[in-house]
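Read through the structure below, which is laid out as structure tokens, and then see the notes.
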Amino acid sequence: MSDLPAIEGGKPIRSTPLRFRPWITDEDINLVVDVLRSGQLSAIGGKWNALLEQELTKYLGVKYAITVSNGTTALHVALKAIGVGPGDEVITTPFTFAASATTILHANAIPIFADIDRETLNIDPASIEDVITDRTKAVIVVHLAGYPAEMDEIMKIANERGLYVIEDTAQALGAIYRGRMVGSIGHVGTLSFYPTKTITTGEGGAVVTSDADIANRARLLRSHGETGKYYYELLGYNYRMTEFQAALGYSQLRRIEEIIRRKETFAKVLMEELRDVENDLIQFPRPKPYIRHAWHLFQIILNLEKLRVGRDRVVEALRAEGIEAVTVAYPIPLHKEPIITNTMGHGKGCPWTCPYYGRKVTYKPLPNAEWVAERVVTILIGPLYTTEDAVDTANAIKKVLNYYRK
């Protein structure tokens, strides 16, 4: 609990804590139960993975979708499907979940970090240009928190330099950039269906693309590289999704627009309620006119110069006010994480010491990412939250910030 002194009689804003949980309906449950009763639980020989894949292609406007076991395996499959391997560099953002970089290591390639834009918190296209080398094979673009990155600029750079673009859409299913669904703009997109994501299968994900060759390789990689019974052409994996997970995802996808609408309503009320402290004690990414935000997270950047305490004390106090859906995404930029700075990887320094690479990487400071990581406070947004929950959350934020104002 926070040691925040008694304010307004010491009563927290919320007597019932605001916690995140996914929206699971009776229809979801009944469909999963039907699959369990059928006894057909594997994607091999089942129908629900294929049905979910078909619906994803329609929703996103892509030609192919390949379900996988989670968002991390989706990234790994995408990297291998475009041919990333030893000696290659892949550029990504340092301000994201670890898998956006660790999957590059799993592909035996070198993660290279570009800085972020302080306004959107997404990768900065100009910073991508700065770190491209003759070894760069691809860029992983993360649409952080559901806010689309500047894909026009990124695709222009990629096309000019002959690079692949993977859209990490784990947090942004349903987001739109200039009339196109994110995940459909780059050469390949990846999705996550973790419980906090737009739709959930518990654990699960997908690879999406309109490139037939990438899709074919992704399907082989997902299931042992097997092209015929006991005939293996690629070094693949068992990254398949179960049938009952796929059935849940199929059911959830049918109401995705309602899920996004609910989350957007919460975010809009929260933004309106925070107007009197915005640009004073805090800032947050407001959607530009040409995007639709998917509102996976509501990212708040504290103006620490005007507060008497650091970010962690603010988070602690918000939880004491009953806002348990508050977290920090992300407190350590990836270029400063031990898994990167220690350059151990697969052991014995691989892939950094791979003879196909033959050079040394120095991970330099990235000032924007480091600045944001010290100041960010994150509110999870759930489809079950109400406008009253948004008002309570805003009131708790204002109460804590005004108390700690210098």
Under 3.5 Å: donor-acceptor pair, side chain of T96, backbone of T93: no

CZ (R21) with more than 12 external heavy atoms under 6.0 Å: no

Verdict with reasoning, E150 to N122, per side chain to side chain donor-acceptor pair (under 3.5 Å): CA-CA 8 Å; E150 288 295 343; N122 282 320; over 6 Å; no

R292 and E264 ion-paired at < 4.0 Å: no

Basic-acidic side-chain contact under 4.0 Å: E272, K268: no

Side chain to side chain contact (heavy atoms under 4.5 Å, CB included) evaluation trace for I128 with I154: CA-CA 8 Å; I128 293 174; I154 292 167; 4.0 Å; yes

Rounded distance [0.5 Å steps], CD1 in I282 versus CD1 in I397: 6.0 Å

K47 atom NZ: more than 12 heavy-atom contacts under 6.0 Å: no

Residue list, side-chain contact (heavy atoms from CB on, under 4.5 Å) with V328, at least two apart or on another chain: R311, V315, P331, V376

N303 versus Q283, side-chain donor and acceptor atoms under 3.5 Å: no

Rounded distance [0.5 Å steps], CZ in R19 versus OG1 in T16: 9.0 Å

Over 12 non-hydrogen atoms of neighbours within 6.0 angstrom of CG in L234: yes

Carboxylate-amine/guanidinium contact R255 E258, below 4.0 Å: no

side-chain contact (heavy atoms from CB on, under 4.5 Å) against A65, all qualifying residues, sequence neighbours excluded: E53, L56, T57, V208

Any donor-acceptor N or O pair under 3.5 Å, side chains T169, E167: no

Neighbour count above 12 (heavy atom, 6.0 Å) for K288 NZ: yes

Ion pair K156/E153, N-O distance below 4.0 Å: no

Residue pairs passing the salt bridge (Lys or Arg N to Asp or Glu O under 4.0 Å) test where at least one lies in residues 346-367, sequence neighbours excluded: D134-R359

Test item: H296 side-chain N/O and G146 main-chain N/O as donor-acceptor pair under 3.5 Å: no

Contact check, side chains of F266 and T387, non-hydrogen atoms, under 4.5 Å: no

Side-chain donor-acceptor pair present, T386, D389, cut-off under 3.5 Å: yes

Spacing of F97 atom CZ and L334 atom CG [to the nearest 0.5 Å]: 9.5 Å

Where at least one partner belongs to residues 70-92, residue pairs that pass salt bridge (Lys or Arg N to Asp or Glu O under 4.0 Å), sequence neighbours excluded: none

Residues E55 and K58 bridged, charged N to O under 4.0 Å: yes

Lys/Arg N to Asp/Glu carboxylate O, R319 vs E324, below 4.0 Å: no

Q299 side chain to T378 side chain, donor-acceptor N/O pair below 3.5 angstrom: yes

Residue pair P367 / D115, side-chain heavy-atom distance below 4.5 Å: yes

R262 NZ/CZ over W295 ring centroid, <6.0 Å and within 45° of normal: no

N/O donor-acceptor pair under 3.5 Å between K11 side chain and E321 backbone: no

Residue pair T73 / R222, side-chain donor-acceptor N/O under 3.5 Å: no

I214 backbone acceptor or donor facing H187 side chain under 3.5 Å: no

Side chain proximity check, L79 to I104, heavy atoms < 4.5 angstrom: yes

Check: Y357 ring centre within less than 6.0 Å of W352 ring centre: no

R178 to Y290, cation-pi by 6.0 Å centre distance and 45° axis angle: yes

Short side-chain to backbone donor-acceptor contact, T136 and T133, under 3.5 Å: yes

Residue N342 excluded, over 12 heavy atoms near CG under 6.0 Å: yes

Test item: side-chain donor near acceptor, Y250 and Q245, under 3.5 Å: no

Short side-chain to backbone donor-acceptor contact, T103 and T72, under 3.5 Å: no

Test: R308 cationic atom under 6.0 Å from Y403 six-membered ring centre, within 45° of axis: yes

Between N395 and E273: side-chain donor-acceptor atoms closer than 3.5 Å: no

Set of side-chain contact (heavy atoms from CB on, under 4.5 Å) partners for I44, sequence neighbours left out: S42, R240

Whether H76 and H106 hold their rings parallel, tilted or perpendicular, with breakpoints at 30° and 60°: tilted

Geometric class of the F113/Y363 ring pair [parallel <30°, tilted 30-60°, perpendicular >60°]: tilted

Residues that D280 engages under side-chain contact (heavy atoms from CB on, under 4.5 Å), provided they are two or more places apart: K306, R405

Distance-only polar pair, side chains of E370 and H335, donor-acceptor under 3.5 Å: yes

Separation of E129 CD from I132 CD1 (nearest 0.5 Å): 5.0 Å

